[in-house]
Amino acid sequence: MIILAGTPIGNLKDASVRLVETLEACELIAAEDTRVAIKLLRALNLENRPRLVALHDHNEREKAAELVEFARTADLVVMSDAGMPTVSDPGFHLVAAAVAAGVEVTAIPGPSAVLMALAVSGLPTDRFTFEGFLPRKQGERLQVLKGLSREPRTMVFFESPNRIAASLADIVSALGADRRVAVARELTKLYEQVKRGTASEVLEWAEAGVKGEIVIVVAGAQPLEVDLPTGVAQVLELVADGTRLKDASAAIAEATGLSRRDLYEAALEHRTGRTPANEQAQLPLL
């Protein structure tokens with residue numbers, strides 16, 4: 001089978017007993033960086049010296065078939081430099097190929113920068129979305145952030161310390177200076193720090209310079225305070241742009257807090273001039 005091995009994101013004491021046992025017994029490791037893998041094996045005082053192959057963004061597609069065939073008859077351990085393989089790191093194409101080939105895939109749970117940053121952020125954790133790394137170029141970054149401006153779930157991003165101030169400035173521009181933000185750096189390490197506040201407050205802190213591995217956690221958008229007629233108008237605008245009435249009603253309900261059923265029925269009546277009960281049978285595509 002293929003074993004996705006969750007590795008420490010900083011503190012070596014977070015290596016699980018299961019991880020250590022697996023690495024001690026494995027024959028082959030596909031590692032994001034074989035040099036980092038060797039350092040981990042040595043740091044964990046393992047006697048086993050498994051064969052190592054590099055698996056990264058530039059070679060994963062071409063190596064996937066060969067590694068999947070190996071995993072048919074032996075265990076293949078997959079490791080990223082830190083955390084869980086496939087989460088913003090190589091491994092996804094390999095797993096997809098394994099699933100298509102009928103080869104079993106499992107994982108050894110381990111530390112997660114995404115979940116840890118979310119947990120300590122002080123922001124809502126019941127619903128969240130992981131957005132990976134923000135684009136390097138400002139224009140593309142702003143486009144992504146503006147597209148998330150009405151996202152109601154807490155958002156988690158990875159970012160480079162070299163771009164953290166620029167990204168926070170774009171968050172202020174796209175999401176508002178008062179949007180709640182938490183920046184977590186060096187999680188599980190000696191200089192772990194979490195800076196919480198409004199986007200403008202955290203930006204001011206970041207402009208002095210930030211080092212280390214960075215995770216940005218951003219609060220979701222608050223529901224818009226609008227009345228039903230305004231909400232219906234927004235639904236009809238989406239429908240005019242090609243969105244199905246059912247989907248448009250759901251989207252505006254989530255963004256405003258209005259009832260999806262009320263929006264749907266009022267918009268349907270506005271479009272047809274008749275009540276939903278009389279029209280549902282005639283509108284199978286909605």
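Here the structure is a predicted model, which means the values were calculated and not measured. All residue numbers in this chain count up from 1 along the given sequence.
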message: The test is side chain to side chain contact (heavy atoms under 4.5 Å, CB included); show your working for M1 and V105 and say whether it passes.
response: CA-CA 6 Å; M1 69 175 68; V105 179; over 6 Å; no
task: For V53 and I29, run side chain to side chain contact (heavy atoms under 4.5 Å, CB included): C-alpha distance rounded to whole Å, both residues' side-chain angles, the deciding distance at 0.1 Å, then the answer.
output: CA-CA 6 Å; V53 296; I29 296 176; over 6 Å; no
message: If you apply the rule ring-ring contact (aromatic ring centres under 6.0 Å, His included), what do you find for F158 with F130, and how did you get there?
response: CA-CA 9 Å; F158 286 161; F130 173 56; 5.0 Å; yes
task: Take E131 and T129 through the side chain to side chain donor-acceptor pair (under 3.5 Å) test and state the conclusion after the steps.
output: CA-CA 6 Å; E131 297 292 332; T129 172; 2.8 Å; yes
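Linking Ile, Leu, Val, Met, Phe, Trp and Tyr residues whenever their side-chain heavy atoms come within less than 4.5 Å places L168 and L134 in a single cluster. I216 and V120 fall into different hydrophobic clusters, where Ile, Leu, Val, Met, Phe, Trp and Tyr are joined by side-chain heavy atoms under 4.5 Å apart, directly or via other members. With hydrophobic clusters built from ILVMFWY side chains whose heavy atoms lie under 4.5 angstrom apart, V239 shares a cluster with L263. Residues I2 and V87 are members of one and the same hydrophobic cluster, defined by side-chain heavy-atom contacts under 4.5 angstrom among Ile, Leu, Val, Met, Phe, Trp and Tyr.
Salt-bridge formation is not detected for the pair K189/E192: no Lys NZ or Arg NE/NH1/NH2 atom is positioned less than 4.0 Å from an Asp or Glu carboxylate oxygen.
By the 4.5 Å heavy-atom criterion applied to side chains, P85 and L55 are not counted as neighbours. Using a 4.5 Å heavy-atom cutoff, the side chains of L19 and P8 are in contact.
The CD1 atom of I38 sits 9.0 Å away from the CZ atom of R49 when rounded to the nearest 0.5 Å.
Residue R72 qualifies as enclosed at atom CZ: its count of foreign heavy atoms under 6.0 Å is above 12.
Applying the side-chain contact (heavy atoms from CB on, under 4.5 Å) test between V226 and each of V232, I252, T256 identifies T256 as the sole match.
Under the 3.5 Å distance criterion, with hydrogens and angles disregarded, a donor-acceptor pair is assigned to the side chains of S167 and E159.
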